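Chain A is the first sequence line, chain B the second, and so forth, proteins listed ahead of strands; every chain is numbered from 1. Note: hydrogens, waters and symmetry copies are ignored here, and every other heavy atom, side chains too, is used. All of these numbers come straight from a predicted model, not from anything done at the bench.
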Number of protein chains: 2
Amino acid sequence: MYVSRKARRAVAGITRTRTCPPLLNDGGAVREVLDRISDKWSLLTLGALRSGPLRFGELEKAIGGISQRMLTLTLKHLVEDGLVSRTAYPEVPPRVEYEVTALGKTLVPLVIALAEWAIEHRDEINANRGCSPSE
Amino acid sequence: MYVSRKARRAVAGITRTRTCPPLLNDGGAVREVLDRISDKWSLLTLGALRSGPLRFGELEKAIGGISQRMLTLTLKHLVEDGLVSRTAYPEVPPRVEYEVTALGKTLVPLVIALAEWAIEHRDEINANRGCSPSE
DNA sequence: CAGTATCCAGTACGATACTG
DNA sequence: CAGTATCGTACTGGATACTG
């Protein structure tokens with residue numbers, strides 16, 4: 001994905017054409033939301049939080065391979081969108097917990113379904129691509 | 001999303017950490033597949049094909065706002081992954097039809113679910129972001 | 001611990017022009 | 001009609017260093 005969320009907010013609603021059944025071409029709703037969650041880490045982050053709140057560092061490990069920078073940004077966006085809540089406890093050392101909100105919880109099952117699909121069909125896809133399975 | 005599919009193929013398997021429940025942190029399967037379908041147009045394209053084969057031009061209109069270049073690329077990738085089939089009819093003028101494969105069909109319901117979720121929760125998300133609903 | 005700041009490489013994407 | 005070729009750019013995301 002590549003159009004910034006800010007830019008997207010600003011222009012929300014361009015490039016409409018409306019020629020096909022409405023579900024995926026409704027003038028941007030789907031695209032808008034899809035864009036928002038289809039960056040490299042959002043779904044993965046949401047998935048990592050599916051079974052309970054996690055702290056920043058825990059998330060970092062749970063997701064695996066994410067940079068601090070991207071975790072910060074992704075969380076910020078998820079919080080902005082209301083999919084994840086952030087709770088900072090005024091302690092030393094600081095403790096911050098992230099948790100899926102009620103809204104986020106409605107998305108989590110889809111994320112899980114997607115993840116399951118991915119695992120289930122991974123080898124098939126790789127085979128199609130001429131990759132050795134599960135390499 | 002942003003790491004090229006080719007690059008991804010080459011490195012498939014780095015950045016593993018393995019600390020959390022296995023569903024979303026299985027060393028890359030989910031990430032690998034997620035990356036593949038979470039570019040700007042793949043899911044949208046797949047969704048546009050959900051109710052039957054479409055020609056290149058029809059897809060272009062159905063998706064709305066996609067450039068020829070991106071449609072070409074997206075289709076190429078989907079075909080590579082085995083999610084979509086391409087059939088060229090040797091006629092003049094040329095006619096090419098794209099259709100969801102059996103594998104692709106297993107993903108379509110998830111795409112639709114995601115789309116429905118997006119539509120259903122769009123306003124809520126926009127509200128959270130401080131946007132006027134459905135603007 | 002939980003971030004922020006800065007730098008920079010790579011690339012996804014759009015626009016435009018051209019072709020069988 | 002169904003693409004390909006080329007170019008420019010805004011953006012993503014990693015690395016590294018630093019802070020309350």
Write down the distance between [atom1] ([X]) and [atom2] ([N]), rounded to a whole number of angstrom.
X       : N      : atom1 : atom2 : answer
B:Phe56 : D:dG3  : CZ    : C1'   : 6 Å
B:Leu54 : D:dA2  : CG    : C1'   : 14 Å
A:Lys40 : D:dC11 : NZ    : P     : 19 Å
A:Arg36 : D:dC11 : CZ    : P     : 16 Å
A:Glu58 : C:dC1  : CD    : P     : 11 Å
A:Ile63 : D:dG13 : CD1   : P     : 13 Å
B:Arg86 : D:dT4  : CZ    : C1'   : 12 Å
B:Arg95 : D:dA2  : CZ    : C1'   : 13 Å

Hey, does the side chain of [X] reach the backbone of [Y] with a donor-acceptor pair shorter than 3.5 angstrom?
X        : Y       : result
A:Ser38  : A:Leu34 : yes
B:Thr101 : B:Gly82 : yes
B:Asp39  : B:Asp35 : no

Exercise. Would you jot down, in residue-number order, the residues of residues 66-76 of chain B having a non-hydrogen atom under 4.0 Å from DNA chain C?
Key: B:Ser67, B:Gln68, B:Arg69, B:Met70
Quiz item: The side chain of B:Trp41 lies closest to which of these nucleotides: C:dC13, C:dG3, C:dG20?
Solution: C:dC13
Residues in side chain to side chain contact (heavy atoms under 4.5 Å, CB included) with [X], at least two apart?
X        : result
B:Arg69  : B:Ser67, B:Leu73
B:Val33  : A:Trp117, A:Ala118, A:Arg122, A:Ile125, B:Arg36
B:Ala102 : none
B:Glu120 : none

Practice problem: Could you tell me whether the phosphate oxygens of D:dG3, OP1 or OP2, come under 4.0 Å of any side-chain nitrogen or oxygen in B:Tyr98? | Solution: yes
Quiz item: Distance check: side-chain N/O of A:Arg55 vs OP1/OP2 of C:dC1, anything under 4.0 Å?
Solution: no
Quiz item: Do B:Arg55 and B:Glu97 sit within salt-bridge range, that is, some charged N less than 4.0 Å from a carboxylate O?
Solution: no
Exercise. Determine the minimum heavy-atom distance between B:Leu103 and B:Asp81, stating which atoms define it.
Key: CD2-O, 3.8 Å
Quiz item: Can you tell me which stems DNA chain C forms when a stem means 3 or more consecutive Watson-Crick or G-U pairs under 3.5 Å?
Solution: C:1-20 with D:1-20
